[in-house]
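To start, the structure under review is shown below, and the notes come after it.
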Amino acid sequence: MTVSTDVCAPLAVLGHDVQVPLASGEKVTYAALDYAASAPALQRVWDDVAAYAPYYGSVHRGAGYLSQLSTDLFEQSRRTVADFLDLRDGDQVVFTRATTDSLNLLAGALPAGTRVFAFETEHHASLLPWRREGVTVQYLRAPRSHGEAVAALDEALAAAADGPKLFCVTGASNVTGELWPVAELTGVAHRRGARVVLDAAQLAPHHRVSVRELDVDWVAFSGHKLYAPFGAGVLAGRSDWLDAAQPYLAGGGASRTVAREADGSVAVEWHAGPARHEAGSPNVIGAYAIAAACRALTEAGFEALERREQQLVARLRDGLAAIPEVKVLSLFGEDAARVGVLSFVVRGWNSSHFSAALSAEYGIGVRDGLFCAHPLVRTLLGGEDAAPSECGAPEPSLPGERSLNAIRVSFGAGTPEEHVDRFLAAVRELVTDGAKWTYRNEGGRCVADTAAR
Ligand SMILES: Cc1ncc(COP(=O)(O)O)c(C=O)c1O
């Protein structure tokens with residue numbers, strides 16, 4: 001494979017030099033390979049937040065200088081996010097806690113009688129918020145190609161009754177890293193009169209997301225996956241359904257006026273726009289940190305970041321392909337385009353045991369389990385519910401040697417090549433020589449038995 005040599009260096013992140021203890025008592029530099037769960041903070045984000053922190057003040061209506069400065073920065077952060085997402089005129093940015101919060105907000109704003117469509121392969125945050133009174137949810141079976149996904153959506157929408165419809169789709173899978181054909185799916189949805197919300201939790205940290213070009217109606221993402229772990233997230237897009245809905249939270253900030261009526265009741269006039277769904281004191285630092293991350297990623301340039309990430313993806317895939325005991329999980333097949341997220345199983349190993357050994361013996365942080373996408377992972381593993389084997393024990397010999405959970409390795413803009421190489425070397429060694437330590441089950445998790453040290 002030929003790859004351009006015009007590749008940027010990893011972006012500076014916090015924690016790149018943190019030493020962690022191994023089960024043996026030795027210390028090594030941590031290799032953070034769980035970016036898909038939460039990415040480390042970009043140094044730039046940390047520096048920007050630190051520079052602003054002394055000037056932090058209450059936002060909205062505070063009369064003091066720092067309140068006014070903070071209000072300006074909070075509203076400026078909204079504009080930075082709007083630019084980052086290439087929003088259309090009239091779109092709005094609501095600051096939330098994270099993607100889950102954003103999608104629940106939208107779910108609460110659906111007009112009565114809305115039909116929601118989602119593939120069963122979604123993360124639970126995209127799968128579950130729609131299940132509420134007055135909303136019908138239709139789950140579509142796992143497609144095995146982009147074409148199948150587009151055709152399945154078209155068929156489902158064509159058969160749907162009249163009325164408001166919403167299709168929810170993830171941009172990049174948190175399990176396989178595979179990209180979904182968002183623009184094609186949106187084209188079909190719009191032709192059939194449905195709106196689209198894009199779950200960009202895993203896409204936005206890796207790819208430029210243009211709402212205008214993708215033509216989606218809303219997009220949601222989380223700050224902590226975008227190198228800005230300060231507790232904020234975003235829901236951005238069309239205003240009409242959001243402005244027509246009851247506020248997500250009732251309280252100060254969302255209300256324009258509250259007045260006592262002659263009959264003793266209280267009448268409320270709610271704001272329109274983002275404030276309607278941002279009741280309570282907003283997370284100014286969280287919003288500011290997201291804006292700082294948007295600036296830093298834009299300045300680094302997604303083209304260069306993607307080129308570098310694709311080199312790491314190729315290195316990882318080639319390395320894993322050379323280990324016959326490893327099976328990489330994929331919905332759309334070997335050649336599907338993906339971000340730096342990849343799940344796999346190792347023949348004869350309980351995934352929790354394998355991940356615990358990567359941590360305890362090599363200082364490498366990955367994740368194991370079903371990744372809050374149970375239907376997808378079970379589809380990929382080829383099985384239904386069953387209890388995983390005891391930690392430390394080899395997987396029972398199931399038909400086709402199928403595993404019951406998986407291991408996920410994920411990385412991004414701060415990952416040096418050396419982390420991928422270290423990970424591959426560790427996988428090779430564990431597969432060949434086995435774990436050196438003993439492990440036990442503690443509260444359902446596999447941990448190294450350091451008492452045996
Ligand atoms: C694709 C996807 N959507 C939604 C979420 C939920 O994000 P959060 O936990 O930040 O709300 C995640 C988190 O892993 C995810 O990977």
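It should be emphasised that the depicted structure is a prediction, and the values quoted were computed from it without experimental measurement. For ligands, and for the atoms within them, numbers begin at 1 and follow the listed sequence.
- Neither the backbone nor the side chain of R97 comes within 4.0 Å of ligand 1, counting heavy atoms alone.
- Ring to ring, H60 and F74 are close: their centroids are under 6.0 angstrom apart.
- Using a 4.0 Å cut-off between charged nitrogen and carboxylate oxygen, D48 and R295 count as a salt-bridge pair.
- Here the two rings, on F332 and H146, have centers that are under 6.0 Å apart.
- Atom 16 (O) of ligand 1 has its closest protein heavy atom at Q202 NE2, 2.7 Å.
- Listed by atom number, the atoms of ligand 1 under 4.0 Å from N174 heavy atoms are 16 (O).
- Below 4.0 Å from some heavy atom of A201 lie the following atoms of ligand 1, by number and element: 2 (C), 3 (N), 4 (C), 15 (C).
- Within the 4.5 Å cutoff, the side chain of R144 has heavy atoms near those of the L331 side chain.
- Aromatic rings of Y52 and Y288 (six-membered ring for Trp) have centroids within the 6.0 Å cut-off, being under it.
- Ligand 1 has at least one atom lying under 4.0 Å from a heavy atom of K225.
- Near T100, meaning under 4.0 Å from any of its heavy atoms, are these atoms of ligand 1: 6 (C), 7 (O), 8 (P), 9 (O), 11 (O).
- The nearest protein atom to atom 15 (C) of ligand 1, hydrogens excluded, is given as H123 CD2, 3.3 Å; this is a heavy-atom distance.
- At a heavy-atom distance under 4.0 Å, only side-chain atoms of T170, from C-beta outward, approach ligand 1.
- Counting only residues at least two apart or in different chains, side chain to side chain donor-acceptor pair (under 3.5 Å) contacts with residues 240-252 comprise D101-Y248, R195-D240.
- Remark: ligand 1 and D199 share an N or O pair separated by less than 3.5 Å (distance only, no angle test).
- No side-chain N or O of D199 forms a donor-acceptor pair with one of H123 less than 3.5 Å apart.
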